[in-house]
Amino acid sequence: MGRYFGTTPIFYVNDAPHVGHAYNALSVDAVCRWHRLLGDEVRFLTGTDEHGLKVMRSAQEAGRSPIEHADHNSGRFRDAWAEMNLANDDFIRTTEPRHHAAVQAMLQRAYDNGHIYQATYSGWYCVGCEAYYAEDDLIDDHACPIHKRPVEHMVEDNWFFRLSAFQKQLEDWFAATPGNVTPDGFRNEALGILRQGLEDVSISRSSIDWGISVPWDPDHVFYVWYDALINYATAVGYGTDQEQFDTWWPSVHHFVGKDILRFHTIYWPAMLMAADVEHLPTVHVHGFLLLGGEKMSKTGNVTKVAPSDLIADFGVDGFRHAVLRDHPFGPDSEFSYEALLSRYNVDLANNYGNLVSRVATVVAKKCNGIGPAPDPGSPLAAVVATAFAETAAAWERTQPSVALEATWRIIRQTNEYLQEREPWKMDAGPDVDAVMGDALEALRIATVLAWPSIPETAELAWKRIGMPGTVAEQRLPAAAQWGLYPGGVTVETGDPLFPRLKLT
Ligand code: MSP
């Protein structure tokens, strides 16, 4: 048994949640749920990023004060996450007093340690990214490479973080910690940034006041990124509850999109070092969900898809499963409604849902509605054992789509097994009982393993096959052992769990 502290980035409140955001948060939820099944102590943190120029300007456009705007949009993320059945243990907002205290404590510590100094800064700033760009990185006529909009030239008296001083320590950390950034391609990208050599970074702004003030210079607020990154530490008691912090921090795993890799794999670990925090995070990086080849986001002409629209069509679990299964964690992948629909129909309507109803119908007809016990020597036992090992290994590598593919192999092969034996054509008796006991047992195990993607439906199926308690209470690897379906319990028929859907 261990601990797992999984985090999403905190989402900017200038925008409403879209499927790109949802994909990130769902991945964390699913991996955390897997760890819950392993019996680990789990903490899942998400929240909203509410300071900075970008939020200030979008508040102005919306005719609201920054805090009214933040309240409004933060609420939309909270509601969307609840609608998606995310089991987050906390939802942090950077405008909360607990966060102000932690930011000031951590940066004061870095300042006291001599890692922060004052200097004048001038550079090209993209408000969309809330980041400065080197002239060489700009495209067209001084436009941001991500937002494709003109950057602004800014000159400011700033506080700087001596990032350059951490070059060697960061290199040592990468050398000593092979899995600190996953997948490997993104780890190489982080190493590439490191190899280019690090320059000091500006961490304060005097031009705006929508932020957390610098404790030793109240005319400045911390630049939004250095306020934001600290949320992860705030939420587990940094600066207020050392015991809680020591408990959770060593197990922290950040899930981030590739656009914010540099902040999480270089700047943030260096800040932690500057504030004498011993443990550094593990970072899991994913690509973008694209629409028409472009990152789904607010800028440009790219349309955004709201999770609630897809949930209306596919149901919560249909949405969760299709998104997690169809978008491998790592590469960019094109979002397509048709692909999700087809995934829903294949995996859920035709395979999982069909297996549940088929089994219940045959048991009702041929076994008086009482589920028989499985055969210890069933050919399905080996199928399950292999698929379980692959499922577990893939979750361990933070590869939800691969894990679900392995789990669904159990479901497909059980359907094939039924197709071959055709118990519905047999006379009631030991032969039918043997086939149905095996199918029920495979279904029981598949249901436990599928819980991270379809938590609500898995519970329904669990009840239908007559299992006591809940899936959430099951513990792996014990629950994946062949032979635990008790037999002699009532199996219920019911409405299809995942009705087949047509393209409208
Ligand atoms: N507020 C910062 C994060 C601070 S964390 C200390 C931020 N916010 S964001 O709302 O712009 O993005 C949040 C996350 O959503 C990022 O990981 C980003 O990569 C992800 N995504 C935004 N659009 C996305 C897609 N189209 N596809 C996949 N992920 C996407 O950055």
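A quick note: this is a predicted structure, and the numbers were derived from the prediction, not measured. Counting starts at 1 for both ligands and their atoms, in listed order.
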- Sequence-distant partners of R98, salt bridge (charged side-chain N to carboxylate O under 4.0 Å, His left out), two or more places apart: D90, E96

- Closest non-hydrogen contact found for M106 with L272 is CE-CD2, 3.9 Å

- Pocket residues of ligand 1, ordered first by chain and then by residue number (heavy-atom cut-off under 4.0 Å): P9, I10, F11, Y12, H18, G20, H21, D49, W225, A228, L229, N231, Y232, V256, G257, D259, I260, H264, H286, G287, F288, L289, K295, M296

- Item | Exercise: do Q108 and W216 side chains pair donor with acceptor under 3.5 Å | no

- Message: Quick check on the 6.0 Å ring-centre criterion: do F222 and Y226 meet it?
- Response: no

- Under-4.0 Å salt bridge between D332 and K258: yes

- Message: Would the distance check show the side chain of H220 and the main-chain N or O of D217 forming a donor-acceptor pair, the cut-off being under 3.5 Å?
- Response: no

